[in-house]
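Reviewing the structure listed below.
Numbers here are sequence positions counted from 1. Any value given below was found using the heavy atoms of this structure, including those in side chains, with hydrogens, waters and symmetry copies removed.
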Amino acid sequence: MKIAYSCAGEGFGHAARMAALYPILSASHDVSIFAPIGLEAFLHEKLGKLDYHAIPCFTFEKKEDRILLFRTAKKGVKPSLEFLGRVKQLSRSLRRLGIEAVISDFEPYLAWAGRLAGIPVLQMNHPGIITRKLSLDPRSWPAVLGALLMEGLWDERVHISFYGGEAGPLYRKSLFRNPPRDGGYILLNLKESFRRKVCEVLRDYPQLPFKLFPQPGANFEEALCSCKAVISSAGHQIIAESMRLGKPILVIPQRGQWEQILNARMLEKLGRGMKTTLGSLKKDLSRFLDSLDAFKLRSRGALPPGFSLDEGMGSLLCRVESFLARRVGVILALGAKDAEAGLSAREQGLISARNQ
């Protein structure tokens, strides 16, 4: 089956999920990647040769740990005005490529293009979880609206999350090539806007070595497995990976990004890490370092109901194949019986089960 798979370009959590899911999907399907140009080098490094199509993306304007809402809105005016035209171009590309299904990870261009081309769309992501965790906090309201816009149009949706999701986090196999150990250093997973201030605070701890990422050519997975603890923004993927490996994590949620605020709250609820701000980092870092043993002890305990760090790939694949069988299988059965022979045995079985 020919599948178009897209992901958002803001942060690397979406691309990390793509790196985990693509090898499995491409083993039984013809998968074309649609992603922002800024992810191309990362995805080629992780996945090798790809049928790669660059697409536009919406991005945030930031200063240190704060999203600049007015500048973000201003920057988004031009791509918003061009959105429909780009969607029409993409829909023509999908038809030309013979795409039969669209999978989108928080990426609206391909989701809308799929709908315009009459192709079934599966939306799977983490940030949309905030639409199911509604809050009276007014800071969450524009975030929920933004999440709905980023999800675009979809026929079915799966939320991937260590809290409240239909599927648990997805982990790259390379993350588990080496057993976790304590190498004595702190892993810093920080964007450029965070780095200077965090590194200034760490100068007060000359006895505490650290490794800084992203770093071209460096092995992030190996460094994560071997670190003492993690300091990072509050992205879902890095929090889930750190907790899965038993690494305490201190997170700095991006101010104005409700999903990261919610991720940080859920981390603290589990007692396996802390949240802070750039302004509070100096005093919170000491408390975090003093609590490392307690965090590690809690990481060995059971999770409360509603939380899961189990590998979510099995659940997600069942949802994906069920979607392909029910949505795409119906189209094939009605209009292109010769293409039905291209379905996998599992998909054929799902179609048969649906028809019984």
With a 3.5 Å cut-off and sequence neighbours excluded, list the donor-acceptor pairs that the side chains of residues 142-155 form with protein atoms.
from, atom 1, to, atom 2, distance (Å)
Glu151, OE1, Arg157, NH1, 2.8
Glu151, OE2, Asn125, ND2, 3.0
Glu151, OE2, His159, NE2, 3.1
Asp155, OD2, Val121, N, 2.7

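- A cation-pi arrangement, defined by a distance under 6.0 Å to the six-membered ring centre and an angle within 45 degrees of its axis, is absent between Arg86 and Tyr109.
- Under the side-chain contact (heavy atoms from CB on, under 4.5 Å) test applied with Val31, the options Ile99, Leu21, Leu25 reduce to a single match, Leu25.
- Side-chain contact annotation: Tyr163 with Ser308, donor-acceptor N/O pair under 3.5 Å absent.
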Between Arg177 and Glu221, is a salt bridge (Lys or Arg N to Asp or Glu O under 4.0 Å) present by the stated rule, with each step listed? CA-CA 9 Å; Arg177 285 180 184 150; Glu221 291 87 350; over 6 Å; no

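- When atom types are taken as modelled, the side chain of Trp141 and the backbone of Ser135 share a donor-acceptor pair closer than 3.5 angstrom.
- Here the side chains of Lys228 and Arg181 are not in contact, with every heavy-atom distance at 4.5 Å or above.
- Separation of atoms SG (Cys57) and CD1 (Ile37) is listed at 10.5 Å; rounding is to 0.5 Å.
- With Glu200 as the fixed residue, the side chain to side chain donor-acceptor pair (under 3.5 Å) test singles out one of Lys197, Arg203, Arg196: Arg196.
- For the pair Asp30 and Met1, the minimum side-chain heavy-atom distance is 4.5 Å or more.
- The aromatic rings of His53 and Phe34 sit parallel to each other, their planes meeting at less than 30°, with 60° as the upper class boundary.
- In this structure, Ser80 and Phe58 approach most closely via the heavy-atom pair OG-CE2, 3.8 Å.
- Annotation: side chain of Ser6 is in contact with side chain of Ile55 (closest heavy-atom distance under 4.5 Å).
- Judged purely by atom type and a 3.5 angstrom limit, Lys275 has no side-chain atom pairing as donor or acceptor with the backbone of Ile252.
- Trp112 CH2: 12 or fewer foreign heavy atoms inside a 6.0 Å radius.
- When atom types are taken as modelled, the side chain of Ser140 and the backbone of Asp137 share a donor-acceptor pair closer than 3.5 angstrom.
- In this structure, the side chains of Leu47 and Ile33 stay at 4.5 Å or more apart for every pair of heavy atoms.
- In this structure, the side chain of His236 engages the main chain of Phe162 through a donor-acceptor pair within 3.5 Å.
- Without hydrogens or angle criteria, Thr277 side chain to Ser280 main chain gives a donor-acceptor distance under 3.5 Å.
- Of all heavy-atom pairs between Ala113 and Ser91, the closest is O-CB, 3.5 Å.
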Apply side-chain contact (heavy atoms from CB on, under 4.5 Å) to Leu289 and Leu208, showing your working. CA-CA 10 Å; Leu289 295 173; Leu208 187 65; 3.9 Å; yes

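- Side-chain atoms of Asn263 come within 3.5 Å of backbone atoms of Ala234 as a donor-acceptor pair (strictly under, hydrogens ignored).
- In this structure, Gln257 contributes its side chain and Glu259 its backbone to no donor-acceptor pair below 3.5 Å.
- The distance from atom CG of Leu285 to atom OG1 of Thr276, rounded to the nearest 0.5 Å, is 8.5 Å.
- Ring geometry for Phe213 against Phe220 counts as perpendicular: the plane angle is over 60°, on a 0 to 90° scale with 30° as the lower cut.
- Between the side chain of Ser104 and the backbone N or O of Glu107 there is at least one donor-acceptor pair closer than 3.5 Å.
- Between Ser233 and Gln260, some side-chain heavy-atom pair lies under the 4.5 Å cut-off.
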Salt bridge (Lys or Arg N to Asp or Glu O under 4.0 Å) between Arg195 and Glu192, worked out: CA-CA 5 Å; Arg195 289 186 176 190; Glu192 290 291 340; 3.5 Å; yes

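- A heavy-atom distance below 4.5 Å is found between the side chains of Leu316 and Leu170.
- The shortest non-hydrogen separation linking Lys133 to Leu262 is CB-CD2, 3.8 Å.
- Here Phe307 contributes atom CZ and Ser161 contributes atom OG; the two are 8.5 Å apart, rounded to the nearest 0.5 Å.
- Minimum interatomic distance between Gln237 and Ala16 (heavy atoms only, all atoms of both residues): CG-CB, 4.0 Å.
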So Arg287 and Asp290, salt bridge (Lys or Arg N to Asp or Glu O under 4.0 Å) or not? Walk me through it. CA-CA 5 Å; Arg287 189 159 59 94; Asp290 290 341; over 6 Å; no

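- Looking at heavy atoms from C-beta onward, Phe210 lies out of side-chain contact with Cys227 at the 4.5 angstrom threshold.
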Apply side-chain contact (heavy atoms from CB on, under 4.5 Å) to Leu50 and Tyr22, showing your working. CA-CA 10 Å; Leu50 297 168; Tyr22 173 84; 3.4 Å; yes

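- Checked by atom type, the side-chain pair Arg326/Ser322 shows a donor-acceptor distance below 3.5 Å.
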Quick one, Leu110 with Ile103, criterion side-chain contact (heavy atoms from CB on, under 4.5 Å). Give me CA distance, side-chain angles, the key distance, then yes/no. CA-CA 8 Å; Leu110 202 70; Ile103 298 175; over 6 Å; no

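- In the model, His14 has a side-chain atom that pairs as donor or acceptor with a side-chain atom of Asp105 under 3.5 Å.
- Atom CD1 of Ile24 is separated from atom NE2 of His29 by 11.0 Å, given to the nearest 0.5 angstrom.
- Looking at every heavy atom in both residues, Pro108 comes nearest to Phe83 through O-CZ, 4.0 Å.
- Criterion: ILVMFWY side-chain heavy atoms under 4.5 Å apart, direct or through other members. Under it, Phe323 and Met18 are part of a common hydrophobic cluster.
- Separation of atoms NZ (Lys2) and CD1 (Ile119) is listed at 11.0 Å; rounding is to 0.5 Å.
- The number of heavy-atom neighbours closer than 6.0 Å to CZ of Arg95, taken from other residues, nucleotides and ligands shown, is above 12.
- When every heavy atom of Gly9 is checked against every heavy atom of Leu39, the shortest pair comes out as CA-CD1, 3.9 Å.
- Ser26 places a side-chain N or O within 3.5 Å of a backbone atom of Pro23 that can act as its donor or acceptor partner.
- In terms of modelled atom types and a separation under 3.5 Å, the side chain of Glu268 and the main chain of Met274 share no donor-acceptor contact.
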Apply salt bridge (Lys or Arg N to Asp or Glu O under 4.0 Å) to the pair Glu166 and Arg132, showing each step before the final yes or no. CA-CA 12 Å; Glu166 290 95 354; Arg132 300 165 59 183; 3.0 Å; yes

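- When side chains are defined from C-beta on, Leu224 counts as touching Leu245, because their heavy atoms get closer than 4.5 Å.
- Taking Tyr185 as the reference, nothing meets the ring pair (Phe, Tyr, Trp, His ring centres under 6.0 Å) condition, with sequence neighbours excluded.
- Atom-to-atom distance recorded for Leu188:CG and Ser232:OG is 9.0 Å, nearest 0.5 angstrom.
- Residues Ile239 and Phe194 do not share a hydrophobic cluster, defined by chaining ILVMFWY side chains whose heavy atoms lie under 4.5 Å apart.
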Yes or no on side-chain hydrogen bond (donor to acceptor under 3.5 Å, both in side chains) for Tyr205 and Ser286, after CA distance, side-chain angles and deciding distance? CA-CA 10 Å; Tyr205 297 83; Ser286 293; 2.5 Å; yes

